[in-house]
Structure formats: C-alpha cells, structure tokens
2 protein chains.
Amino acid sequence: MRLAELSARSGVSTATIKFYLREGLLHPGRRVTATQADYDEGHLRRLRLVRALIQVGRIPVSSAREVIAALQDERMDLHQRLGTATWALPHGPEPDETDQATEAARRTADALMERLGWHRDNACDRPSAAPAYGMLVTAIAALSRLGYPCDVEHLEPYARAAERIAVSDLDLVERCGTPDEQVEAAVALTVLYEPVLLSLRRLAEAEESRRRFDGK
Amino acid sequence: MRLAELSARSGVSTATIKFYLREGLLHPGRRVTATQADYDEGHLRRLRLVRALIQVGRIPVSSAREVIAALQDERMDLHQRLGTATWALPHGPEPDETDQATEAARRTADALMERLGWHRDNACDRPSAAPAYGMLVTAIAALSRLGYPCDVEHLEPYARAAERIAVSDLDLVERCGTPDEQVEAAVALTVLYEPVLLSLRRLAEAEESRRRFDGK
DNA sequence: CTCGTTGGAGAGTGTCACTATCCTAAATAG
DNA sequence: CTATTTAGGATAGTGACACTCTCCAACGAG
C-alpha cells in the first residue's frame, strides 16, 4: 500500500500522515525505491488508533507518541505497560502546593483511597497512575475553593461507580487475545471510553434535570 | 477592592484579569475615577469560577463566556439554563456522517437511550444536551472502527453508572439555596466533577490492573 | 520521452490562552 | 506643589499545538 492508498483507506490526508511519520507516531513504511514506501495493515490499524486517541480522546501528539511507545515496550509486563501509558495521558495542571485548599484536598483524596482499599503507592510510584492522583487533588481543591462540598462521603458514590466501570473495562480487555492486543485494548478503552462516560453523564444529567426542574 | 487586590486574593495575575474583562468573562467593576475601578466579592467569586472552568475543567474561553451568559439569563427556567450551559461545553468533533461506522454508532446510541428510557428529543432540541449525543456517537464510532465491541450490552453498565452519578449530582444541586445558586452549582459540578470522575476511573483501573495483571 | 505522482523536508498557518509593552491619569511621598 | 509610583486600558506579541503548504528530485504509466 502506498501513502495515497493509506490516506484514502484511513480518511487521513497524506500531509497529516507525513506529519505523524515525522513525529514518530507511525513507524516508517518499507522503502521500495528512493521515493516510494510500502505500508501494510499494521500501519492502517496504528493510524486509526492514533487518530482516535488524538481526535476523539483529545490527547496531544506528544502524549500519543509516549503512549504508543509504552504499548510496544517489551521490557515491561502488562500492568507496567498500562501504567506507563496511563502516566503519559494528559492530566491537567499539577496541584498548587502553595494553596491550603490543595492540602485539604490531598487529605480527602487519601482518606477516600484508604476507604476504598486502593493503594496509594499504586498511585505514587511508577508505573501507575500518579498523574490521575494529582488530577483528583486539583479538582477537589477547585471545588472546595468554590465552596462546594466535596468530602469523602460525597465522593464515595463516584468512586464506587468508577470501580464498577473499571471492572467492565478490564473484563473487555481480558477478552482480547495476546498480551500485546490486551495492552492496546486497555489503552484504547481507557482513552476512548472517557468521552463515552462524560457524554452519558451529561445526557443522564439532562434527563434528571428535566425530571426535577422542568418549568421551574 | 482594586484590580491588584482582586489579583492577590484570587491568585490570578492582573494581566489575566484584564484579559477576562476584555473577553466578557468578568463583568466590569464600578468605575471610581477615569483610571480606577472597584471590584466586590461577586467579582472574586465569578473569577474563581471562571478560573476553575478554564484550568480544571479545560473549557475554552469562548465556551466559558457562553456558559456564564447562560447562567444569568433570566428569560429561561432552571432546566433551560442548565441545558444552554451544557450546550456550550466543548464536545469534540461532530460525527463524521460520511462514515458508515457513524450510522451504526447512531443506531447503538438510540437503542441505548431507548432502553434506558431517556428522551431523544431531550438530546436533540434546545435547550439540552445534543452536543453530548454527538459526542457519544463519535466515540462509539471510533471504538467500533478500531474493532472493539461497543454495543448496547457493553454500554449499559456505563450508562447505569452515569445515571447514579447524575442523581448524586442533582441531589447536591438541590441542596443549594436560590435557583441562581442552583444553576451555578449545576454547571460547576457538571464541569468540575468530570476530572474527578476520569481520575477516579484511571485510579480504579490501575488498582484492578494490578489485581489482574501484575507480573504478567 | 513526458508529465503527473510520490515521498521527504522545512517553513508557514490558524487558534488559543495568555503576557508584555505603552500610554495616560491619578494617587502619594517629600 | 512637584516628582515618582501605580492603576487601568488598549494593542501587539508569545509560545504551544496540530496541522498544512510549498518545493524538490525521483519514479513510472502511457
């Protein structure tokens, strides 16, 4: 398959494919002559994944590169590769340590994880989800700065929902064949179910709001 | 309160506050002299909300302006204002109608909403969550293009979790005093709980991945 | 042989969220 | 009452990001 055909089959312009090749998001094709290269189904699949991560999952090109690299790193086991990939995902601004709301938020987050039996070290050492922990602290701090209650009791239902969702996610992952496919699936599902989840919540809120507030 | 004090109390630079004033995210202060203006607690509160929406909720300045405007629009009821605000939230690329995966995704989304008893018109007419519906379709299409199963059966647990979360959200909203406070709360909670939810899911996935895959 | 096409490289584009500079007028120190 | 600092407003500039355009030499179909 030539560049033009890869472009036609993926719906991505040749200019953008060249850009991804340059940025290392797509491995180079097999060089046929000095001015031609051959691409295969693997390239098509990878390209679709990259596109989905960037366009639907809204992750920056640089993060996508790191995520892709983690997927292929043979030196790590499944859990480590997934952790490294998750680590590379965008996660907003770091908590502002000069703010006392952050300190309180950190205590709330710790108490929540304690109650759920989640491992803090899971969240603090590589490879795992420390950025997600920072993201949680930042968000809790912002909410409490605005005066909204955001303590362990309020957060627990969200965390329980997250637990159930994670179980669904990994059930889906385990149904994939090889470990390589499983890591790819885990990353793709982590990223691409985020908009699914957010849009479902917004739709559910609209529904619930209609039920409670319509006409008020 | 002068600009400098507003800046000090909010932690936002005077340059940025001036920028927000220009962009209409913050109503002008009361003019004292030709070169001085006076700001009150309302400005501080608004500024904190804007900052949280932009930095934590990652919504663009232009969307934030629309959201803020919807909050204050006295012509609409609670449900309508919330719908208008939600409508202004970022929601990724529109579904690609030239793609047949989109068509299938739309059928899946419709079937899911049917099964949950959610109202499609709720999602399609203003004021409500049509962008969220488009976002859902786009994400489902991307997943199925990558070959991941994404039918009503797989989606239902996510939707059920979303329903429970929406109930928690609106319980919190109803605990706020005046209708004006309630709309603001609804928007703030919609936007600011998104990172909470996403980070909790990532943490839960890390936990579940450790349980299942560590060492594999 | 010729003329459109291909792959590669570098520069350019549009958007976004600020940020730096400038200017005038007002407050304040001496 | 002058001199110096500071405030507010307008305009232009910055840096990151995700492409997108332009150019060029080498293929290759007719």
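What's counted below: heavy atoms across the whole structure, side chains too, no hydrogens, waters or symmetry copies. In what follows, chains carry the letters A, B, and so on, assigned in the order in which the sequence lines appear, proteins first and then strands, with residues in each chain numbered from 1.
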Return no unless some side-chain N or O of [X] is found under 4.0 Å from OP1 or OP2 of [N].
| X | N | answer |
| --- | --- | --- |
| B:R31 | D:dA7 | no |
| A:R30 | C:dG7 | no |
| A:T33 | D:dC27 | yes |
| B:Q36 | C:dA25 | no |
| B:Y20 | C:dC18 | yes |

Checking contacts here: which listed nucleotide ([options]) is nearest the side-chain heavy atoms of [X]?
| X | options | value |
| --- | --- | --- |
| B:Y39 | D:dG9, C:dA17, D:dT20 | D:dG9 |
| B:T16 | C:dA26, C:dA11, C:dT19 | C:dT19 |
| A:T35 | D:dC27, D:dT11, D:dC21 | D:dC27 |
| A:A4 | C:dT6, D:dA10, C:dG8 | C:dT6 |
| B:R51 | C:dC18, C:dG8, D:dG9 | C:dC18 |

Do the non-hydrogen side-chain atoms of [X] and [Y] ever get within less than 4.5 Å of each other?
| X | Y | answer |
| --- | --- | --- |
| A:Y193 | B:C150 | yes |
| A:L192 | B:L146 | yes |
| A:Y20 | A:R51 | yes |

Separation of atom [atom1] in [X] from atom [atom2] in [N], rounded to whole Å:
| X | N | atom1 | atom2 | answer |
| --- | --- | --- | --- | --- |
| B:I17 | D:dG8 | CD1 | P | 10 Å |
| A:L6 | C:dG8 | CG | P | 12 Å |
| A:L3 | D:dC27 | CG | P | 16 Å |
| B:R65 | C:dC16 | CZ | P | 10 Å |
| A:L25 | D:dC17 | CG | P | 13 Å |
| B:M1 | D:dA7 | CE | P | 15 Å |
| B:I59 | C:dC18 | CD1 | C1' | 16 Å |
| B:F19 | D:dT11 | CZ | P | 15 Å |

Note to self: Return whichever of A:T14 or B:K18 has its heavy-atom-nearest nucleotide of DNA chain C closer to the 5' end.
What the structure shows: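 Closest to the 5' end, via its nearest nucleotide, is A:T14.
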For [X], report the nucleic acid contact type (base, sugar-phosphate, nothing); a contact means any heavy atom under 4.0 Å.
| X | answer |
| --- | --- |
| B:L21 | nothing |
| A:A34 | sugar-phosphate |
| B:R2 | sugar-phosphate |
| B:A37 | sugar-phosphate |

Check: With nearest nucleotides of DNA chain D determined for A:V61 and B:D38 from heavy-atom distances, which residue corresponds to the more 5′ nucleotide?
Finding: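 The residue closer to the strand's 5' end, by nearest nucleotide, is B:D38.
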Note to self: Run the side chain to side chain contact (heavy atoms under 4.5 Å, CB included) test on A:I17 and A:S10 for me, step by step, so that the C-alpha distance in whole Å, both residues' side-chain angles and the decisive distance to 0.1 Å come before the verdict.
What the structure shows: CA-CA 10 Å; A:I17 296 175; A:S10 62; 4.3 Å; yes
Item checked: Side-chain donor/acceptor of B:R202 to backbone N/O of A:T86, under 3.5 Å -> no
Checklist line | Check against salt bridge (Lys or Arg N to Asp or Glu O under 4.0 Å), B:R210 and B:E207 | finding: CA-CA 5 Å; B:R210 204 181 51 80; B:E207 191 63 28; 3.2 Å; yes
